[in-house]
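This one's a predicted model, so the numbers in the text were calculated from it and none came from an experiment.
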Amino acid sequence: MPPSVPRMRKARVAPPVVDLARARDAKKLRELVARCGAVDDVNRKSLARLFQTGLVYTRQGARLGRDLLLAHQHLLRASDLLARIAELPAAAGEGEAAALYDEAQGLLARTAELTSRTAVVLARGN
């Protein structure tokens, strides 16, 4: 009988651990960034349409242009907040990120209100 040869044991590899809270936060951040980009595209198209139709040179069109400018400023602020959230260390408090998320979502809601006002006027063709 041949001498028994000790078998080499396979090194156990620990399965990856997924932090679900961190994954949810990353998804939430990606969705808000995508939403900012989409709203920005809509605003740019609306502003271009104001100029193409000549509506921007009327009182109502000038007001809509100012609304779109304000919406753009809100989007810039929201994008800045989202960048700050992405840069927060993992050890940062949950409350800090939540406050930044709330402010960014509030800005996006206000932007949507301003954008919808412009969309209604442009849809009527005035």
Side-chain angles (χ1 to χ4, degrees):
M1 199 157 158
S4 77
V5 178
R7 286 187 176 176
M8 296 293 288
R9 288 189 175 187
K10 290 185 180 179
R12 287 192 175 209
V13 177
V17 177
V18 177
D19 183 0
L20 294 179
R22 188 174 291 174
R24 276 191 300 271
D25 289 343
K27 181 180 178 186
K28 185 177 179 180
L29 185 62
R30 280 192 311 269
E31 288 173 350
L32 284 174
V33 168
R35 190 170 153 202
C36 279
V39 172
D40 188 41
D41 287 341
V42 169
N43 285 353
R44 288 177 191 273
K45 289 176 184 175
S46 296
L47 189 59
R49 187 128 179 258
L50 281 175
F51 276 100
Q52 289 170 351
T53 60
L55 187 60
V56 76
Y57 302 109
T58 65
R59 180 175 293 189
Q60 182 182 27
R63 187 173 301 123
L64 293 174
R66 284 192 306 268
D67 285 349
L68 288 174
L69 176 61
L70 181 59
H72 184 70
Q73 289 172 335
H74 288 328
L75 284 174
L76 288 175
R77 175 76 178 135
S79 295
D80 180 52
L81 291 171
L82 295 175
R84 284 177 49 195
I85 291 169
E87 293 172 355
L88 283 176
E94 185 77 23
E96 185 177 354
L100 293 174
Y101 274 124
D102 290 343
E103 187 176 350
Q105 287 176 337
L107 289 168
L108 284 171
R110 179 71 177 131
T111 299
E113 181 184 318
L114 293 168
T115 301
S116 66
R117 203 179 305 163
T118 304
V120 168
V121 172
L122 290 175
R124 282 189 294 177
N126 291 340

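- Residues passing the side chain to side chain contact (heavy atoms under 4.5 Å, CB included) test with A21 are D19, R24, sequence neighbours excluded.
- Between Y101 and D25 the shortest heavy-atom distance is OH-O, 3.2 Å.
- If you chain together ILVMFWY residues whose side-chain heavy atoms come under 4.5 Å of each other, L70 ends up grouped with L114.
- Partners of F51 by side chain to side chain contact (heavy atoms under 4.5 Å, CB included), not counting sequence neighbours, listed by chain and number: L47, V56, Y57.
- Partners of S79 by side chain to side chain contact (heavy atoms under 4.5 Å, CB included), not counting sequence neighbours, listed by chain and number: C36.
- Listed by chain and residue number, L81, R84, I85, L88 satisfy the side chain to side chain contact (heavy atoms under 4.5 Å, CB included) test with L100 (two or more places apart in sequence, or in another chain).
- For L107 against A78, the heavy-atom pair with the smallest separation is CD1-N, 3.8 Å.
- Residues passing the side-chain hydrogen bond (donor to acceptor under 3.5 Å, both in side chains) test with T115 are N43, sequence neighbours excluded.
- The stretch residues 69-82 participates, sequence neighbours left out, in these salt bridge (Lys or Arg N to Asp or Glu O under 4.0 Å) pairs: R77-D80, R77-E103.
- Partners of R110 by side-chain hydrogen bond (donor to acceptor under 3.5 Å, both in side chains), not counting sequence neighbours, listed by chain and number: E113.
- Residue pairs meeting the side chain to side chain donor-acceptor pair (under 3.5 Å) criterion with at least one partner in residues 66-76, sequence neighbours excluded, are D40-H72, D67-R117.
- Atom CG of L50 and atom CG of L122 lie 5.0 Å apart (nearest 0.5 Å).
- Side-chain contact check for V33 versus R30: every heavy-atom pair is 4.5 Å or farther apart.
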Requested in this report: Could you walk me through whether V39 and V42 pass the side-chain contact (heavy atoms from CB on, under 4.5 Å) test, one step at a time?
Outcome: CA-CA 5 Å; V39 172; V42 169; 5.6 Å; no
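- Taken from CG in L32 to CG in L82, the straight-line distance is 5.5 Å, to the nearest 0.5 Å.
- Within the structure, the salt bridge (Lys or Arg N to Asp or Glu O under 4.0 Å) test picks out no pair touching residues 49-65 (sequence neighbours left out).
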